[in-house]
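In what follows, a structure is listed as structure tokens, so that the remarks can point back to it.
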Amino acid sequence: MSSNIAPAQVELTIPCQPEYVAVARLAMSGIASRMHFTYEQIEDLRLAVGELCTLSVEWANKNNRQEARIVLRTEISSNKLTVDILDTAGPRHCGEGTGRDVEEENLAQLLITLLVDEAEVIPQPDGTLVRMVKYVGQR
Amino acid sequence: MSSNIAPAQVELTIPCQPEYVAVARLAMSGIASRMHFTYEQIEDLRLAVGELCTLSVEWANKNNRQEARIVLRTEISSNKLTVDILDTAGPRHCGEGTGRDVEEENLAQLLITLLVDEAEVIPQPDGTLVRMVKYVGQR
Amino acid sequence: MNFKIETQTLEDNLPVIRLGGEVDVYTAPQLKQAMIALLEKGVKRFIVDLTNVEYLDSTALGVLIGGLKRIREVGGNLLLICPSARIRRVFEITGLDKVFDMHNSEDEAKKAPEKE
Amino acid sequence: MNFKIETQTLEDNLPVIRLGGEVDVYTAPQLKQAMIALLEKGVKRFIVDLTNVEYLDSTALGVLIGGLKRIREVGGNLLLICPSARIRRVFEITGLDKVFDMHNSEDEAKKAPEKE
Ligand SMILES: Nc1ncnc2c1ncn2[C@@H]1O[C@H](COP(=O)(O)OP(=O)(O)O)[C@@H](O)[C@H]1O
Ligand SMILES: Nc1ncnc2c1ncn2[C@@H]1O[C@H](COP(=O)(O)OP(=O)(O)O)[C@@H](O)[C@H]1O
């Protein structure tokens, strides 16, 4: 229930804390609803954003960054939605987990891979950027 | 279903266009749910944010500002929620409507007044800031 | 956007506009179009069914008020079906529950006496 | 936050943890506590009812897997009630629908043969 709308950006900044992950998910649902996604694809995006924010929260916790923030940035264009999740949760050391249950971490990775069409991890000076892409009309 | 959480800010930036007002409302619901608000109070905030964003959209339209944006900024503290709605929709000339139906405009004003505890309009160089406050445990 | 609109004509030739989801600044224009379509056909009495509406703002109220005015000008009436307490509250706090003929169900609305 | 948890004991002494709303990184710790409470009482078989769950993430799955492992170590079992297609899908895409005993209703779960 959307129309052909011009490319547009939405940006949301939340504290990198467990209780705010739901805010990011809700915003993601609202944004995705503006596009020609199916109900299931909107659910996928909500879940993927939830998993990515949870990962950020776990790293902020491990790196002891109480002040860390998550920025969710979405760019809508006619055939795809690009979602950036940028955190200031500090470094994610290679091969080192967050101390989180390994299975949970694997499940999170699995879900992200399955739910979006592309996902790229781009380390940042003060945290991590994950860029996801979901195409309209694909599964 | 929330706990005593530290003061925290959430910020959302959306295009000042009709189709994004729902995103602001959803985010507002999510944020308000983090506090000890009743279900009805959360609804009130959602409605108030919807009305304020609609007002911004109407002014952007009247001022021909296709590029205008709305920033929703919330500050949670233990006993109250402060919500800033800042737009870059250009000036709101006194005594002049948006060309919107006068009754609708009056209804919007009435709703905002009734739904939050405080609401202050602070003109900005490039648009308008409205600051609303809602106290926990009050009606 | 979670929004639905559908116009149906009941057996007794009474048109009903059924709305669902969020009726706001983005979607209310579709309600306006649907009401104008009925008014232009010369309809004197119709129902707007808000049963499945989850959210309704001043824009939607304005459109409903506009429709009410136009139909009352020709001696007709517009009936609202609004069983939801959440939506009814928006009418109550704005005093509009006294302006509109509000009913809880289609049956109740159909039995309502024709207003002048 | 839209989340509910409740532990109840059915007539046949079978405990059931009923969840509602969103089970995620913020709320899953409450599920973990509720499961630990049952395990510490020596319970060998219990139900987790996901009927009213609207959202469930990897944290919640991890907590359920942890509970399943602990109860299977003592030769017991954990039964899931999950009639919702939306939630079941999360189990399916992760392959966990084959790991858990999943049922559509409480009746169906109670009739399930005791494993092991
Ligand atoms: N709370 C309100 N907010 C805005 N407009 C209102 C309100 N209450 C009443 N009205 C106005 O009253 C009108 C309906 O009044 P009514 O007495 O039913 O008909 P009439 O104006 O033809 O006498 C509506 O069209 C609307 O313009
Ligand atoms: N998709 C999956 N993601 C993560 N863990 C899984 C998955 N599938 C199976 N597992 C693991 O398998 C375990 C259950 O396996 P199961 O064969 O039922 O018992 P056991 O490991 O005692 O033989 C779970 O505890 C979990 O660790």
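Numbered from 1 within each chain, the chains take letters A, B, ... in sequence-line order. Predicted model, so just to flag it, every value in this text is computed and none were measured.
Residues Ser58(D) and Leu107(A) share a closest heavy-atom pair of CB-CB, 4.0 Å. The two residues Arg46(A) and Glu54(D) make their nearest non-hydrogen contact at NH2-O, 3.5 Å.
Note that CG of Leu110(A) and CG of Leu61(D) are 10.0 Å apart. Values are rounded to the nearest 0.5 Å. Annotation: the span from Glu105(A) atom CD to Thr59(D) atom OG1 amounts to 10.5 Å, rounded to 0.5 Å. Atom CG of Asp24(D) is separated from atom CD of Glu51(A) by 9.5 Å, given to the nearest 0.5 angstrom.
Residues Thr94(D) and Leu114(A) are not in side-chain contact: their nearest non-hydrogen atoms beyond the backbone lie 4.5 Å or more apart. At a threshold of 4.5 Å between non-hydrogen side-chain atoms, the residues Asp57(D) and Val21(A) do not count as touching. Two residues are said to be in side-chain contact when any heavy atoms from C-beta on lie closer than 4.5 Å; Glu104(A) and Val25(D) fail this criterion.
Other residues, nucleotides and ligands contribute at most 12 non-hydrogen atoms within 6.0 Å of the CG atom of Asn13(D). More than 12 heavy atoms of other shown residues, nucleotides or ligands fall within 6.0 angstrom of atom NZ in Lys110(D).
A search for side-chain contact (heavy atoms from CB on, under 4.5 Å) contacts involving Ile71(D) returns Leu39(D), Phe46(D), Val74(D), Leu78(D), not counting sequence neighbours.
Of the charged side-chain nitrogens involved, at least one lies within less than 4.0 Å of a carboxylate oxygen, so that Arg89(D) and Glu40(A) count as a salt-bridged pair.
For Leu47(A), the parts sitting under 4.5 Å from any heavy atom of chain D are the backbone and the side chain alike.
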